[in-house]
Amino acid sequence: MVEKWLQNQSLFCCFFVFLLLLPFGTVAKGQSFDRNQYIYDEAQLLTAKEKANLQSQASQLGKKRNTAFIVVTVNGTDGKTLKRYVEDFYDKYAPGYDQPHGNTAILAIDMQKRNVYLAGFQKAEKYLDDSRLDQIREKITPDLSDGNYFQAFSAFLNTSDEYMNYKPGVNPENILFKWWFQLAAALVVAGVVVGLMAYRSGGRVTVNAGTYLNHDQSRVLSHYDNYIRTTVTKVKKPSNNSSSGGGISSGGHSHSGSGGKF
């Protein structure tokens, strides 16, 4: 009788302890993800100093744009496309600036297949659309090809920050937005204004090419054409090594995207 009572008490205690530990043993999706880490260099392409510098850069720009800027490097994706790998990364770890599955821009490279893919989620999907991500990828690809990974990753962070300053639908590379073009245009306008003022200050000229022309006696006597040369321009056909466009992850998260080789 006593033995049975002790056995029941033991089972009750175990059940009670299980109930107490259950909430702590269950990890919510994304809870274990370090939301303050932005550089995941699994392929070991960066020195410790470079990783620290990029981490600091991503942190500062992330606060400015309320967006998590993340860099991921891997040696193989277990048979997945790099696009799918990035989607699964977002689904599984739920990154975001201030909440799970929040504003996130990801640059990922696979050293095994020399692939690069950029994606924008939430706010970044809107401000870093497919077209803008294409432009960013084209900017950083030469450095990736040359092995200048730190420079490429830093350029990704800086350019993403710059592009998010423009309204969606606007081309950030439009020449009208370049400071040097605006300066040149201002100098041209100033030159034209000064020239007009100088012209008018010297009096008006009333003699022109028709002043001494006799319309009754003047006529064209003859005309002829001289063949000078033929010019042939060759344009290099672009290689089909890129695929633009985002999509929807298996977890149902839509995103912008741009991918290619380096």
query: To the nearest 0.5 Å, how far apart are OG1 in Thr73 and OH in Tyr149?
result: 9.5 Å
task: For residues Phe156 and Ile70, report the shortest heavy-atom separation together with the two atoms involved.
output: CE2-O, 3.9 Å
- request: Please report the closest heavy-atom contact between Lys261 and Lys113, naming both atoms and the distance.
  value: NZ-O, 3.0 Å
message: What verdict does the side-chain contact (heavy atoms from CB on, under 4.5 Å) test give for Phe150 and Asn53, after you've listed the backbone C-alpha separation in whole Å, the side-chain angles of each residue and the deciding distance to 0.1 Å?
response: CA-CA 9 Å; Phe150 173 80; Asn53 288 339; 4.0 Å; yes
query: Is there side-chain contact between Ser59 and Asn36, with at least one heavy-atom pair below 4.5 Å?
result: no
Test side-chain contact (heavy atoms from CB on, under 4.5 Å) applied to Tyr40 and Val71, step by step: CA-CA 6 Å; Tyr40 297 85; Val71 174; over 6 Å; no
- prompt: What residue among Leu128, Thr159, Asp130, Asn171 forms side chain to side chain contact (heavy atoms under 4.5 Å, CB included) with Gln135?
  reply: Asn171
query: Going by distance alone, is a donor N or O of one side chain under 3.5 Å from an acceptor N or O of the other, for Tyr166 and Glu173?
result: no
query: Are Phe69 and Leu46 connected in a single hydrophobic cluster, I mean Ile/Leu/Val/Met/Phe/Trp/Tyr linked by side-chain heavy atoms less than 4.5 Å apart?
result: yes
- prompt: Would you call Asp161 and Lys64 a salt bridge, taking side-chain N to carboxylate O under 4.0 Å as the test?
  reply: yes
query: Just checking, is any N or O donor in the side chain of Asn158 or Gln57 under 3.5 Å from an acceptor N or O on the other one?
result: yes
- prompt: Any donor-acceptor pair under 3.5 Å linking the side chain of Asn103 with the backbone of Gly96?
  reply: no
- request: Please lay out, stage by stage, how Met111 and Gln44 fare under the test side-chain contact (heavy atoms from CB on, under 4.5 Å).
  value: CA-CA 10 Å; Met111 294 303 297; Gln44 299 181 352; over 6 Å; no
task: Decide if atom NZ of Lys80 counts as having more than 12 heavy atoms of other residues, nucleotides or ligands within a radius under 6.0 Å.
output: yes
field: Taking every non-hydrogen atom, the tightest pair across Arg114 and Leu144
entry: NH2-O, 3.9 Å
query: Should Leu54 and Tyr38 be marked as a side-chain contact (heavy atoms from CB on, under 4.5 Å) after you check the CA-CA gap, both sets of side-chain angles, and the distance that decides it?
result: CA-CA 8 Å; Leu54 290 173; Tyr38 306 107; over 6 Å; no
- line: In this structure, CD of Gln99 is separated from CZ of Arg35 (nearest 0.5 Å) by 8.5 Å
query: So, Lys126 side chain and Gly120 main chain: donor-acceptor pair closer than 3.5 Å or not?
result: no
task: Taking all heavy atoms of Ala108 and all of Val86, pick out the closest pair and write down the distance.
output: CB-CG2, 3.5 Å
statement: NE2 of His255 to CG of Leu118, rounded to nearest 0.5 Å, is 12.0 Å
- prompt: How long is the span from the OG1 atom in Thr77 to the CD atom in Gln112, to the nearest 0.5 Å?
  reply: 7.0 Å
message: Under 6.0 Å between ring centres: does that hold for Tyr85 and Tyr117?
response: no
CD on Glu87 to CD1 on Ile248, rounded to 0.5 Å: 9.0 Å
field: Heavy atoms from other residues, nucleotides or ligands near NZ of Lys123 exceed 12 (cutoff 6.0 Å)
entry: yes
query: With distance as the sole test, does Thr104 use its side chain to make a donor-acceptor pair with the main-chain N or O of Phe121 at under 3.5 Å?
result: no
field: Side chains of Asp129 and Ser256, donor plus acceptor under 3.5 Å
entry: no
message: Could you check whether any side-chain N or O of His101 sits under 3.5 Å from a backbone N or O of Tyr90, counting only pairs where one atom can act as donor and the other as acceptor?
response: yes
message: Testing the basics here: between Ser254 and Glu125, what is the closest heavy-atom pair and its distance to 0.1 Å?
response: OG-OE1, 3.1 Å
message: Could you report the tightest heavy-atom contact between Gly251 and Asp91, atom names first, then the distance?
response: N-OD2, 2.9 Å
